[in-house]
Amino acid sequence: MLCTNTPEHLRLIIVDTKIVEYADFDGIPHLCQPICAGVDSAMRSLAWLASEIERREHLKNAIDMNSLRYLHKRLFGCYRRGKPIKLPPGTHEIFPDIVVVIDEFSDLLHFYGKEAEELLVKIMIEGSRVEIRVILATSIINRKEIPFSIRCCCYSIICFQTPGAGASKEILGKNSTEKLSRPGDMLCSIRDLPLLRVQGARVSMNEVIRVTDFWKSHC
């Protein structure tokens, strides 16, 4: 995403409760806020997102436009030409896509329970209508730990190699992931489509650092 989108078109919210995976991303201009390193700050970010969804929905109704993505392109083009479009009072001129990345989201569910579940479900269901997307990651494969309401909101599920057929069935409802082997080898379940086997590209940490350093130098 960082290779194909400027901060004007894409904003990120990253939750890394273990403070391990995304340390190199801290400081890039795409971030809406510093990386959330704890469950409390993560919950504040989710609450802000819920209010942002309502603000964008209100704006869509006020200007009678179905797609905020189209509106954003139009506004940004006019802004670059020095001819900004007038909007209702209290609204902003730029509406970038927002992607929320939550590593080990099961930690949120463990500490905040139903409150975190309801916030996530609201953002996943209503956010897609206003260009807000959610990427969830977890190493927990027990269905009892991941609420059915969140599973239902997942448009696609990606699974790497699992220790056995039981774990595969827990995640995708079918056996197979225990047979995966190579790094990047995965199965992808997309709603209403057959199960797909996908080979992901390997991205080294050196490549990640080069991309993040590039954006940090262009703040």
Side-chain angles (χ1 to χ4, degrees), residues 1-53 56 68-69 95-112 115-141 145-147 149-151 153-160 171 184 186 188-191 198 200-205 207-216 219:
M1 290 186 288
L2 294 182
C3 289
T4 56
N5 292 279
T6 65
E8 290 82 11
H9 294 89
L10 171 71
R11 289 303 175 93
L12 298 173
I13 290 178
I14 298 177
V15 177
D16 183 13
T17 55
K18 297 290 190 294
I19 321 177
V20 174
E21 300 292 342
Y22 296 95
D24 293 311
F25 289 78
D26 203 14
I28 61 173
H30 295 73
L31 293 176
C32 291
Q33 54 195 253
I35 291 176
C36 302
V39 290
D40 293 335
S41 60
M43 287 298 292
R44 288 193 292 270
S45 294
L46 293 181
W48 175 83
L49 273 172
S51 64
E52 175 66 7
I53 290 171
R56 292 187 175 202
L68 277 183
R69 179 168 295 177
F95 302 92
D97 292 358
I98 297 178
V99 176
V100 190
V101 182
I102 306 179
D103 191 34
E104 289 297 349
F105 76 96
S106 54
D107 289 348
L108 290 178
L109 300 177
H110 176 74
F111 285 100
Y112 280 92
E115 182 183 356
E117 178 185 344
E118 291 174 354
L119 266 176
L120 283 172
V121 169
K122 175 182 175 66
I123 293 167
M124 294 170 76
I125 293 177
E126 300 179 15
S128 60
R129 299 197 293 260
V130 289
E131 315 308 334
I132 294 175
R133 304 286 190 270
V134 181
I135 299 174
L136 301 176
T138 183
S139 57
I140 300 295
I141 56 178
E145 300 290 333
I146 309 300
S149 58
I150 291 180
R151 285 176 174 268
C153 296
C154 293
Y155 179 78
S156 61
I157 299 174
I158 291 175
C159 182
F160 296 96
I171 300 168
M186 66 187 85
C188 181
S189 173
I190 303 175
R191 190 175 297 171
V198 182
R202 182 179 182 278
V203 181
S204 69
M205 282 308 301
E207 291 174 294
V208 171
I209 292 171
R210 286 175 62 190
V211 173
T212 54
D213 282 351
F214 169 84
W215 282 116
K216 290 174 188 177
C219 287

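Not measured: the values here are computed from a predicted model. One-based numbering along the sequence shown.
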Engineer: Going by distance alone, is a donor N or O of one side chain under 3.5 Å from an acceptor N or O of the other, for D107 and Y112?
Structural biologist: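 Per modelled atom types, D107 and Y112 side chains form no pair under 3.5 Å.
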
Engineer: Would you indicate whether the side-chain heavy atoms of C153 and I150 approach each other to under 4.5 Å?
Structural biologist: no

Engineer: Within a strict 4.5 Å, meaning less than it, do heavy atoms of the I123 and L46 side chains meet?
Structural biologist: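 Yes - at least one pair of side-chain heavy atoms lies under 4.5 Å apart.
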
Engineer: To check you understand the geometry: which heavy-atom pair defines the closest contact between L108 and A42, and what is its length?
Structural biologist: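 Looking at all heavy atoms of both residues, the closest pair is CD2-CB, 3.6 Å.
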
Engineer: Contact between I98 and L10 at the side-chain level, heavy atoms closer than 4.5 Å - yes or no?
Structural biologist: no

Engineer: For H30 and N5, work out which heavy atoms get closest and say how close.
Structural biologist: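 What the structure gives for the nearest pair is NE2-O, 2.8 Å.
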
Engineer: Can we say E118 and K122 salt-bridge, meaning some charged N sits less than 4.0 Å from an Asp/Glu carboxylate O?
Structural biologist: no

Engineer: Can you tell if the side chain of H9 reaches within under 4.5 Å of the side chain of P96, non-hydrogen atoms only?
Structural biologist: no

Engineer: I'd like to know if the side chain of E207 and the backbone of S204 have a donor-acceptor N/O pair within less than 3.5 Å.
Structural biologist: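 Looks like yes, one N/O pair under 3.5 Å.
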
Engineer: Quick one, L120 and F105 - any side-chain contact, counting heavy atoms below 4.5 Å?
Structural biologist: yes

Engineer: Are E131 and R133 ion-paired here, with the side-chain N under 4.0 Å from a carboxylate O?
Structural biologist: yes

Engineer: Going by heavy atoms in the side chains, are P7 and W215 under 4.5 Å from each other?
Structural biologist: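 Yes, at least one pair of side-chain atoms sits under 4.5 Å.
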
